[in-house]
K.L.:
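Quick one: this structure, given as structure tokens, is what I'll be asking you about.
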Amino acid sequence: MKFYLRRIGFYAVTLWAAISLNFLLPRLMPGNPADIMIAKMQRAGQDVSEDTIRNIKQLLGGDDTPMWEQYLNYWNQILHGDLGVSVVAYPEPVTSLIGAALPWTLLLVGTATVISFVLGVGLGAWAGWKRGTWVDNIIPATTILQSIPYFWMALILVSVFAVGLGWFPIFGGYDVFTYPDGPEWTWAFFQDALAHAVLPAITIVISSVGGWLFGMRNMMVSTLSEDYIVTAEAKGLRPRRIMGMYAARNAAIPSIAGFSITLGFVVAGSIVMEQVFTYPGVGRLMFQAVISKDYALMQGVFLVITIAVLAANFFMDLIYGFVDPRARQNV
């Protein structure tokens, strides 16, 4: 219990610090981000009301209220789900834009990340168990694939399978000509979205599976030399049981810790991949916010990513404490 209480306290303080930093950064920047954002909206011919100006200044600073009062107002806005108004899609709220992009990223990047983790850890455990055999040849092949830049791998897949063979769509999350009014909850739309997600998912899996495989293989080799493995073999236990219950379970602990961090960053999406495929996820949304200097949208995306990373790490900390009792005993 003490272990879990300390983890809850740690992540609560970290969340407070992250939100406070998100509040301070625009106010510490040279110039006035609020005035820049308002001027940009006015130059674009947008009708900027007094309420909009007041909300922007409360979010990014620039009004005459004391800093502590701005800080309290900022917390009040966050607790009410108000992250401001976007310049890119004015007058659309930031929460609406993030809410529309988040499901695409979670389904694509989340699924691809889980697949690459399971595939890499499984193959790594097998390669470690069969060390010194032909199975070790998998390591150089996957390492080479991992060293290829994301965008280059994506462009190769598009060139071969989308442009050359015509097996998959070239860009987008769905066919905007077939569904001009946006996503629909139909089986036909699901099939269309799945076809658009295949190449981006393959790009992520190919580019990341090598790291999981290499790390798990090395940990597996190290674990197989431990005394309890030798003892299990001396007792005459079946090789499959030794591999699964004794070796792979303990060798996977570092990979689980690394997976928690990776899982948290799933919300951030894959900026390069989503940009190449014009995929409507959070990564592409963040890229557009940076290019357009949309401070409110950038703040909102960064805040959501921070909360997701902390939540994923907290969840995996709980699992880690359950899998490895030593973590609870060291507290």
Side-chain angles (χ1 to χ4, degrees), residues 18-19 21-23 25-26 29 33-34 36-49 51-61 73-110 171-176 179-185 189 193 196-197 200 264-312:
I19 294 177
L21 188 62
N22 205 42
F23 165 80
L25 281 178
M29 291 174 58
I36 294 174
M37 183 174 178
I38 294 170
K40 186 174 182 178
M41 295 169 67
Q42 292 174 339
R43 285 196 300 270
Q46 298 171 350
D47 183 18
V48 186
S49 64
D51 291 338
T52 302
I53 294 176
R54 184 170 58 254
N55 290 334
I56 292 174
K57 288 186 175 182
Q58 285 180 356
L59 185 69
L60 302 176
N73 290 333
Y74 181 72
W75 270 99
N76 182 59
Q77 286 180 277
I78 290 178
L79 293 176
H80 285 83
D82 183 9
L83 299 179
V85 179
S86 171
V87 176
V88 176
Y90 180 83
E92 194 75 17
V94 170
T95 50
S96 298
L97 294 177
I98 297 176
L102 196 57
W104 294 95
T105 293
L106 291 177
L107 289 175
L108 172 64
V109 184
F171 64 91
Y174 58 94
D175 191 344
V176 294
Y179 305 97
D181 297 328
E184 299 178 1
W185 293 102
F189 176 81
H196 282 77
F265 279 104
V266 162
V267 175
S270 178
I271 298 176
V272 176
M273 183 276 298
E274 291 184 5
Q275 192 63 23
V276 170
F277 288 100
T278 321
Y279 199 79
V282 176
R284 187 165 183 268
L285 185 67
M286 183 164 58
F287 181 82
Q288 293 175 338
V290 172
I291 294 298
S292 305
K293 296 181 179 179
D294 191 338
Y295 295 103
L297 186 55
M298 280 190 283
Q299 267 192 295
V301 172
F302 292 155
L303 183 61
V304 170
I305 293 173
T306 300
I307 293 175
V309 171
L310 292 177

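The first residue in the sequence is number 1, and the count goes up from there.
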K.L.:
Please find the pair of heavy atoms, one from Leu285 and one from Leu97, that lie closest to each other, and give the distance.
P.N.:
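Of all heavy-atom pairs spanning Leu285 and Leu97, the closest is CD2-O, 3.8 Å.
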
K.L.:
Please examine the side chains of Met286 and Phe302, heavy atoms only from C-beta on, and report whether any two atoms are closer than 4.5 Å.
P.N.:
yes

K.L.:
Once you round to the nearest 0.5 Å, how far does CH2 of Trp75 lie from NE2 of His80?
P.N.:
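Going from CH2 on Trp75 over to NE2 on His80, the span is 13.5 Å.
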
K.L.:
For Phe287, enumerate each residue passing the ring-ring contact (aromatic ring centres under 6.0 Å, His included) test, keeping only those at least two apart in sequence or located in another chain.
P.N.:
none

K.L.:
Just how far is it from atom OG1 of Thr105 to atom CD1 of Ile98, taken to the nearest 0.5 Å?
P.N.:
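With rounding to 0.5 Å, OG1 (Thr105) is 11.0 Å from CD1 (Ile98).
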
K.L.:
Can you sort out the partners of Ile307 under side chain to side chain contact (heavy atoms under 4.5 Å, CB included), two or more places apart, ordered by chain and number?
P.N.:
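Checked Ile307 against side chain to side chain contact (heavy atoms under 4.5 Å, CB included); matches are Leu15, Leu303.
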
K.L.:
Can you give me the closest heavy-atom contact between Ala18 and Thr306, atom names plus distance?
P.N.:
CB-CG2, 3.3 Å

K.L.:
Against Val282, only a single residue in Leu106, Leu102, Val109 fulfils side chain to side chain contact (heavy atoms under 4.5 Å, CB included); can you say which?
P.N.:
Leu102

K.L.:
Taking side chain to side chain contact (heavy atoms under 4.5 Å, CB included) as the definition, give me every residue that meets it alongside Ala197, ordered by chain and number, with sequence neighbours left out.
P.N.:
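For Ala197, the residues satisfying side chain to side chain contact (heavy atoms under 4.5 Å, CB included) (neighbours in sequence not counted) are Leu108, Tyr279.
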
